Amino acid sequence: MSLKGIWKSALGMAALAAACNVQAAPKGVAVTVVPEKTALGQSDDVVVRVTITNNSGAPQYILKSRTPFNGVEEALFEVRRDGQPVVYLGAHIKRAAPTAADYFLLKPGASHSVKVELSALYDMSVSGDYQISFKQASPQLFLATPAASGRSGAAAAFDADDASGDNASLVSAPASVWIDGRVARGQKSQVVLDIEAMKQAAVQPAAASLSFSKCTTSQQTTISQAMSAGSSMASNSDAYMQRGVIGTRYTKWFGANNSSRVATVKSHFVAIKDAFANKPVTVDCGCNQNYYAYVYPTQPYKIYVCKAFWSAPMTGTDSKGGTLVHEMSHFNVVAGTDDHVYGQSGAASLAISNPAQAVDNADSHEYFAENTPALN
């Protein structure tokens, strides 16, 4: 089955509705990771073949951005060296909540494969035994179908309020690769050393600044306003967490009142507020993708804003200010968040089904900060 055919099948569903129901991972959908070589030198690319197969008797719809079939734009893999996780070097992207057009169809019995080069996406510079797994878990990973829900028609396939709340997953067995890297086994890579140095620097007093790249004068004015809005949101969020009175505003986006998770969220907003107030931020306007924005989490404090950013409101749901809060939370030296779900409905469901994942979800931080509609 060609990738073009898969995409056409999914795009044809878009007219049915704007929102989509999600379900737990269907039985029979499997993923494998096979390395091109099992022993590599320091100049070799780490290439693996990823195959997703629908062994079930029903069609399955899989979120495109959670597969490598159109390039890797998120941390789709878990990579460990000698049992320890390695640093993801790629981008984290703020997208809109998924619609039907964001899923592709995998017919019963069908497979699709693609080769992926991983050494540019993960820190594989240290010699050692690497374990590479495809690993995705999200309530939005699969789209519900009439057969899966026991209903028929558009309501079965697209009902955002009828999400199962389960955390669907697609996980491969680990593939083993030995890499004779540039750095001796057991030593820290330059990436890790740089992150440690940046974390040390992050706690030191610094002079706040805002600079621009590829931005027009008008765009610079808008970004300055968005930074002010984001800073206000971050300060308000920090003040809420510092009060220590956990109400519906917290539980809506982060789940039940748990002391450990509350402490994590509290520390996140301390760091996000500080990043807005005291760090040298650069905003790049050169992105022409339909995303809101993206960052490289190992490269603070540069934020790339994209097409959806410019049409967003300044404040409120999925706003310009909120987008900057979202992106600021991604930096490893700030909160190190990930993107598990997108959109208010998905984030609210995640707080119920998996609060531990919610406190690591960037959109959850954004919606808490935007507080629209307002909660106490």
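Quick caveat: nothing in here was measured; it's all calculated off a predicted structure.
- The pair Lys94-Asp363 counts as a salt bridge, with a side-chain nitrogen and a carboxylate oxygen less than 4.0 angstrom apart.
- At distances below 3.5 Å, not a single donor-acceptor pair connects side-chain atoms of Gln200 with backbone N or O atoms of Ile195.
- At least one side-chain heavy atom of Trp310 sits under 4.5 Å from a side-chain heavy atom of Cys285.
- The CD atom of Gln219 lies 11.5 Å from the OG atom of Ser224; values are rounded to the nearest 0.5 Å.
- Counted by atom type alone, Ser211 and Thr282 present one or more donor-acceptor pairs between their side chains at under 3.5 Å.
- For Arg95 and Glu73, the salt-bridge test passes: some basic side-chain N is under 4.0 Å from an acidic carboxylate O.
- A continuous path of ILVMFWY side-chain contacts below 4.5 Å connects Val334 to Val192, so both sit in one hydrophobic cluster.
- Under 3.5 Å, the side chains of Asp338 and His330 contain no donor-acceptor pair of N or O atoms.
- Linking ILVMFWY side-chain heavy atoms closer than 4.5 Å, directly or via other members, places Leu350 and Tyr250 in two distinct hydrophobic clusters.
- Without hydrogens or angle criteria, Asn258 side chain to Arg261 main chain gives a donor-acceptor distance under 3.5 Å.
- In this structure, Ala208 and Ala277 approach most closely via the heavy-atom pair CB-O, 2.9 Å.
- Side-chain rings of Tyr88 and Tyr122 approach one another, their centers coming within less than 6.0 Å.
- Membership of the apolar cluster around Ile93 extends to Tyr291, Tyr294, Tyr296, Tyr304, as traced through chained side-chain contacts below 4.5 Å between ILVMFWY residues.
- Shortest non-hydrogen contact noted between Ala351 and Ala358 is CA-CB, 4.0 Å.
- Expressed to the nearest 0.5 Å, how far CG of Asp102 lies from OG of Ser65 amounts to 7.0 Å.
- Although no hydrogens or angles enter the test, the distance criterion places a donor-acceptor pair under 3.5 Å between the side chain of Asp44 and the main chain of Gly41.
- In terms of the side chain to side chain donor-acceptor pair (under 3.5 Å) criterion, residue partners of Gln344 (sequence neighbours excluded) are, by chain and number, Thr317.
- Residue pairs meeting the salt bridge (charged side-chain N to carboxylate O under 4.0 Å, His left out) criterion with at least one member in residues 177-187, sequence neighbours excluded: Asp82-Arg185.
- Applying the ring pair (Phe, Tyr, Trp, His ring centres under 6.0 Å) test to pairs two or more places apart or on separate chains, those with a residue in residues 199-243 are Tyr240-Phe368.
- To the nearest 0.5 angstrom, Thr372 atom OG1 is 10.0 Å from Glu366 atom CD.
- Here Tyr301 and Phe331 bring their ring centres to under 6.0 angstrom of each other.
- Checked against side-chain contact (heavy atoms from CB on, under 4.5 Å), Pro174 has the following partners two or more places apart in sequence or in another chain: Gln131, Ser133.
- In this structure, Leu105 CG and Ile62 CD1 are separated by 9.0 Å, a value rounded to the nearest 0.5 Å.
- Ile132 and Val47 fall into different hydrophobic clusters, where Ile, Leu, Val, Met, Phe, Trp and Tyr side chains are chained together by heavy-atom contacts under 4.5 Å.
- In this structure, Ser349 contributes its side chain and Ser345 its backbone to a donor-acceptor pair below 3.5 Å.
- Connection of Ile352 to Ile246 is not established within any shared hydrophobic cluster, with ILVMFWY side chains joined at heavy-atom distances below 4.5 Å, either directly or through further cluster members.
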Practice problem: For the pair Asp360 and His340, evaluate side-chain contact (heavy atoms from CB on, under 4.5 Å) and give the outcome as yes or no after the intermediate values. | Solution: CA-CA 8 Å; Asp360 185 50; His340 300 290; 2.8 Å; yes
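- Residues Lys279 and Asp274 are paired through a salt bridge, judged by an N-O separation under 4.0 Å between the basic side chain and the carboxylate.
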Self-check item: Thr53 and Asn55: CA distance, side-chain angles, deciding distance, side chain to side chain donor-acceptor pair (under 3.5 Å) verdict
Solution: CA-CA 6 Å; Thr53 303; Asn55 293 317; 5.3 Å; no
Exercise. Any chance you could lay out the side-chain contact (heavy atoms from CB on, under 4.5 Å) test for Asn361 and Thr337, step after step, and finish with the verdict?
Key: CA-CA 6 Å; Asn361 187 56; Thr337 61; over 6 Å; no
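- A salt bridge links Glu36 with Lys115: the closest approach of a Lys/Arg side-chain nitrogen to an acidic carboxylate oxygen falls below 4.0 angstrom.
- Under the 4.5 Å side-chain heavy-atom criterion for Ile, Leu, Val, Met, Phe, Trp and Tyr, Ile303 and Leu89 are members of the same hydrophobic cluster.
- A donor-acceptor pair shorter than 3.5 Å can be found between the side chains of Asp123 and Ser189.
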Practice problem: Could you go through the side chain to side chain donor-acceptor pair (under 3.5 Å) check for Asp194 and Gln190 one step at a time? | Solution: CA-CA 6 Å; Asp194 288 344; Gln190 189 59 51; 2.8 Å; yes
Quiz item: So Tyr61 and Phe142, ring pair (Phe, Tyr, Trp, His ring centres under 6.0 Å) or not? Walk me through it.
Solution: CA-CA 6 Å; Tyr61 299 90; Phe142 290 91; over 10 Å; no
Practice problem: Give the C-alpha distance, both sets of side-chain angles, the deciding distance and a yes or no for side-chain contact (heavy atoms from CB on, under 4.5 Å) between Tyr292 and Asp318. | Solution: CA-CA 9 Å; Tyr292 283 88; Asp318 290 315; 3.6 Å; yes
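- Closest of all the heavy-atom pairs between Ala226 and Lys320 is CB-CB, 3.8 Å.
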Quiz item: Run the side-chain contact (heavy atoms from CB on, under 4.5 Å) check on Asn376 and Arg249 step by step: do they pass?
Solution: CA-CA 5 Å; Asn376 294 320; Arg249 179 178 175 185; 5.9 Å; no
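- No side-chain heavy atom of Lys302 sits less than 4.5 Å from a side-chain heavy atom of Val283.
- Distance alone, capped at 3.5 Å, is enough to place a donor-acceptor pair between the Thr221 side chain and the Thr217 backbone.
- Residues passing the salt bridge (Lys or Arg N to Asp or Glu O under 4.0 Å) test with Lys135, sequence neighbours excluded: Glu78.
- Between the side chain of Asn54 and the backbone N or O of Lys107, at least one donor-acceptor pair lies under 3.5 Å.
- The OG atom of Ser235 sits 11.0 Å away from the CD1 atom of Ile272 when rounded to the nearest 0.5 Å.
- Ser267 contributes a side-chain N or O that, together with a main-chain N or O of Thr264, makes up a donor-acceptor pair within less than 3.5 Å.
- Between the side chain of Ser329 and the backbone N or O of Glu327 there is no donor-acceptor pair closer than 3.5 Å.
- Side chain of Ser364 to backbone of Val359: no donor-acceptor contact under 3.5 angstrom is found.
- Ser169 contributes no side-chain N or O that, together with a main-chain N or O of Val171, makes up a donor-acceptor pair within less than 3.5 Å.
- Between the NZ atom in Lys273 and the OG atom in Ser232 there is a gap of 11.0 Å [rounded to 0.5 Å].
- Checked against the 6.0 Å centroid criterion, the rings of His365 and Phe269 qualify as a close aromatic pair.
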